[in-house]
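Values below: every heavy atom of this structure, side chains too, minus hydrogens, waters and symmetry copies.
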Amino acid sequence: MIRKLQLILLLIATVSIAQAQHNRAGKTPNSLALSKGTLNFPVKANNSFKVQMSPPFFSETFGGGIPASWTVTDNLGAGGVIWEYTTTGATYPYPFDYQLSPINTTAGNGYVKVDSDSAIGEQVNTSLTTPAINCTGKSVVHLSFAEYFVQLDVSTGTVEVSNNGTTWTAVHHAEAGLAPDSATANPNLVDIDISSVAANQATVYIRFTYVANWEYWWFVDDVALYEPSAIDLAAQTAENLGGAYTSVPLSQVAPVTMKGKVKNTGVNSISGATALFEVINTATSGVVHNETVNLSAIASGATQNIASSTTFSPVATGSYKLRMTVNASGDGNALNDVSESVINYVCSDSVYARDNGQWTGFVGIGAGQGEDGIAGNSFRVNYNDVLTSVSMYLSDTNGIPASGIPVYLTIHPQANDTVHPDKNTILATTDTITLMPGLIQPGGEWFTFDISGSGLAVTPGLYFIGFHEDSAMLAVGYSNQIYTPGSTWFYYNSNTLPQSVDGWSHLEDVGYQIAPMIRANFGTTVGIASVENNKLEVYPNPSAGLFNFRLTGNEIKRIEVYNYQGQMIKKMQVNGTSAILDLSSMADGVYQTIIYNQNTRQRKVLMKFTK
């Protein structure tokens, strides 16, 4: 079996792409002698959008643990792994999700898990059973819960219902449809009609049984029973306006079609319903665009994907979200009539991003010296523009050596989403920053890498931006709230994954359902996050010795200059918006500067050459 390896335990997981490949015959956790093998964690269709059901008559969120009225059973009687309460998830963290997502669940206050991965070499067979639930007077009964099930080979997660505690009817199989080395959505929100067993019964039990032999895990939360309304149309999903992107430069904004999904969670079919789309400016809460869509008839339990006939095109920078409100005559449940997009769509002056700015871990290429490891994101350019810099969130949690690590990025053409980047065609290379011990803040920080000259002129098409690593030391931050299959790639010479082509693979081929925090900057070079409004100019560069610094919208507090051995050779207090740095007495070469303002710092590479 494939075994995930616990390489580094931190508050977050820091692992490498190469480390995520291993031998299906090897079962030694914590081993660092990794064989190249295969691992594929395909992404299930997203089912993580909460639909507020009718008020439940039974519910359990496990906020304080497993209630005493619930029963945990070790069906093997061997004192092995059983269902337990957790707030931290799986024992061994990996680059894919090892916790139940808090999005649309109450996972923040805890949930239940059975973690076969912690039962090294042991069989697991355990059940979790509710107390008796009174369904008398309920002619229609639905069971709902949130789950995250990760499959290795042949583990099973079965949900059963009984009205006497003796005869059980299976109503859900968590592993259904999962190939080996795959997982459900996180969370997977399950809703099942159990009326055939539970309707009008005084003693109804729900049982969750997990069977495995050193596999992965099953998380469960928010178990509820409810009686649906006769008519109940739910706004299930309002899709993110940016689609695969969280931030798009104004110069690259394309018309956006509003999309969503509705579900008939009532008993009867529904006709003549409508859905109102509204684009909301998150700063003002004002509606900037709207359209009402007429829905076709929807059978009970069915869903319907809908889209607007008009499009929304931002004309100014700002943050936007989509709200969808459904309306059906006689709707008996108003709690699920409104859905809003989970991630805001930021229309920026320059930043193109796939991540949501909230890092949940770090990942390195880890290919080793001589491998020329590359990893990064693809970006779709819609209109002619100029790419001026690239920003990346870096960490040195793997330990930067005293000799320093050179870091740079390259931009490559890519024919389409299904073809790997063209490694041999380098359209542009960023400046190189040599990182020394102590130059990265604890927890990581953003670095902006300029593209030399006037930037790279780009035309409509797909481009790959990747960072290079041959040291196995650095790690780039990632977020996992938004993820687009096929948008992230990695390369190294000895990549032997079956899915690889010419040394290239998708990050999801080794289990990474993530968005690396690598961003393309168009137009004016900018910083990230709190420095987005701070335009820093350094000129001339290269220079014979005198460099002018000018910062718009903030004060420069001080400037530090480092040589490429990582030694600080000059420090200058400024306390103003401009400064002149004199390196005339220094030897010709390349120097790094750190420019501090009130609460942030930026880096610039200076090239000093005597004419």
Side-chain angles (χ1 to χ4, degrees), residues 47 50-75 82-83 85 105-106 111-112 114 125-147 149 156-176 187-211 218-234 263-270 299-302 330-333 335-336:
N47 187 32
K50 183 76 169 180
V51 173
Q52 179 63 52
M53 59 203 175
S54 298
F57 57 86
F58 172 85
S59 64
E60 181 55 59
T61 64
F62 305 104
I66 299 176
S69 58
W70 288 58
T71 303
V72 177
T73 306
D74 179 358
N75 298 318
I82 58 176
W83 284 98
Y85 170 78
T105 72
T106 63
Y111 47 96
V112 293
V114 55
N125 188 328
T126 179
S127 297
L128 175 68
T129 309
T130 68
I133 305 167
N134 187 356
C135 297
T136 302
K138 313 294 183 184
S139 58
V140 180
V141 179
H142 278 225
L143 164 68
S144 67
F145 58 91
E147 69 174 355
F149 187 95
T156 60
T158 306
V159 180
E160 300 166 289
V161 182
S162 174
N163 53 31
N164 57 20
T166 302
T167 303
W168 295 89
T169 300
V171 296
H172 176 72
H173 296 277
E175 78 282 1
N188 185 42
L189 301 182
V190 180
D191 189 290
I192 309 167
D193 186 346
I194 59 172
S195 303
S196 62
V197 179
N200 295 307
Q201 300 297 309
T203 55
V204 173
Y205 303 88
I206 312 297
R207 184 169 71 183
F208 299 82
T209 300
Y210 181 76
V211 178
W218 190 16
F219 303 152
V220 172
D221 199 8
D222 301 335
V223 179
L225 267 63
Y226 71 98
E227 185 177 29
S229 301
I231 297 176
D232 184 12
L233 181 62
K263 182 177 182 179
N264 183 351
T265 57
V267 177
N268 301 333
S269 61
I270 297 175
S300 176
D331 195 318
N333 177 21
L335 297 176
N336 57 16

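For the side chain to side chain contact (heavy atoms under 4.5 Å, CB included) test with Thr209, the passing option among Thr156, Asn125, Val159 is Asn125; the others fail. Put simply, the residue from Val114, Val112, Val190 that forms a side chain to side chain contact (heavy atoms under 4.5 Å, CB included) with Val220 is Val112. In summary, of the residues considered (Asn75, Thr73, Thr71, Asp74), a side-chain hydrogen bond (donor to acceptor under 3.5 Å, both in side chains) with Ser127 occurs for Asn75 alone.
A pairwise comparison of heavy atoms in Pro131 and Ser69 identifies CB-O, 3.5 Å as the closest pair. Nearest heavy atom pair, residue Gly266 against residue Ser300, reads O-OG, 2.6 Å. Taking each heavy atom of Gly137 and Asn200 in turn, the nearest pair found is N-OD1, 3.3 Å. Closest of all the heavy-atom pairs between Ala174 and Glu147 is CB-OE1, 3.4 Å. Closest approach of Lys263 to Gly301, counting heavy atoms only: CE-O, 3.8 Å.
In this structure, Asn268 CG and Ile231 CD1 are separated by 5.5 Å, a value rounded to the nearest 0.5 Å. The line from CG of Asp331 to OG of Ser229 is 7.0 Å long, rounded to the nearest 0.5 Å. Taken from CD1 in Ile194 to CD in Gln201, the straight-line distance is 10.5 Å, to the nearest 0.5 Å. Note that the CG atom of Leu225 and the CD1 atom of Ile133 stand 5.0 Å from one another [nearest 0.5 Å].
With sequence neighbours excluded, the residues that form a ring pair (Phe, Tyr, Trp, His ring centres under 6.0 Å) with Trp70 are Phe62.
Looking only at side-chain heavy atoms (C-beta outward), Val204 and Val197 stay at 4.5 Å or farther from each other. Contact of the Trp168 side chain with the Arg207 side chain is registered, since non-hydrogen atoms from C-beta on lie closer than 4.5 Å.
Checked by atom type and distance alone, the side chain of Ser162 never pairs as donor or acceptor with a backbone atom of Tyr205 at under 3.5 Å. Under the 3.5 Å distance criterion, the side-chain polar atoms of Thr130 are matched with a main-chain donor or acceptor of Ile206. The main-chain N or O of Leu233 is never found under 3.5 Å from a side-chain atom of Asn264 such that the two would form a donor-acceptor pair. Side-chain atoms of Glu60 do not come within 3.5 Å of backbone N or O of Val223 as any donor-acceptor pair. A donor-acceptor pair under 3.5 Å is formed between the side chain of Ser195 and the backbone N or O of Val141.
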Next on the checklist: Working note: Phe145 + Phe208, criterion ring-ring contact (aromatic ring centres under 6.0 Å, His included); need CA distance, chi angles, decisive distance, verdict.
Outcome noted: CA-CA 11 Å; Phe145 58 91; Phe208 299 82; 5.3 Å; yes

Checklist entry - Does the side chain to side chain contact (heavy atoms under 4.5 Å, CB included) test come out yes or no for Asn134 and Thr203, once each step is laid out? => result CA-CA 5 Å; Asn134 187 356; Thr203 55; over 6 Å; no

Checklist entry - Stepwise, does the side chain to side chain contact (heavy atoms under 4.5 Å, CB included) test hold for Glu227 with Ser139? => result CA-CA 8 Å; Glu227 185 177 29; Ser139 58; 3.7 Å; yes

Item to check | Stepwise side chain to side chain contact (heavy atoms under 4.5 Å, CB included) test for Phe57 and Cys135 | outcome: CA-CA 8 Å; Phe57 57 86; Cys135 297; 3.7 Å; yes

Item to check | Trace of the side-chain hydrogen bond (donor to acceptor under 3.5 Å, both in side chains) decision for Tyr226 with Asp191 | outcome: CA-CA 10 Å; Tyr226 71 98; Asp191 189 290; 2.5 Å; yes

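Looking at Asp221 and Thr106, their side chains do bring a donor and an acceptor atom within 3.5 Å of each other. The closest side-chain donor-acceptor pair between Thr265 and Asp232 falls under 3.5 angstrom. Counted by atom type alone, Glu160 and His172 present zero donor-acceptor pairs between their side chains at under 3.5 Å.
Aromatic ring pairs are classed by plane angle as parallel below 30°, tilted from 30° to 60° and perpendicular above 60°; the pair Phe149 and Trp218 is perpendicular.
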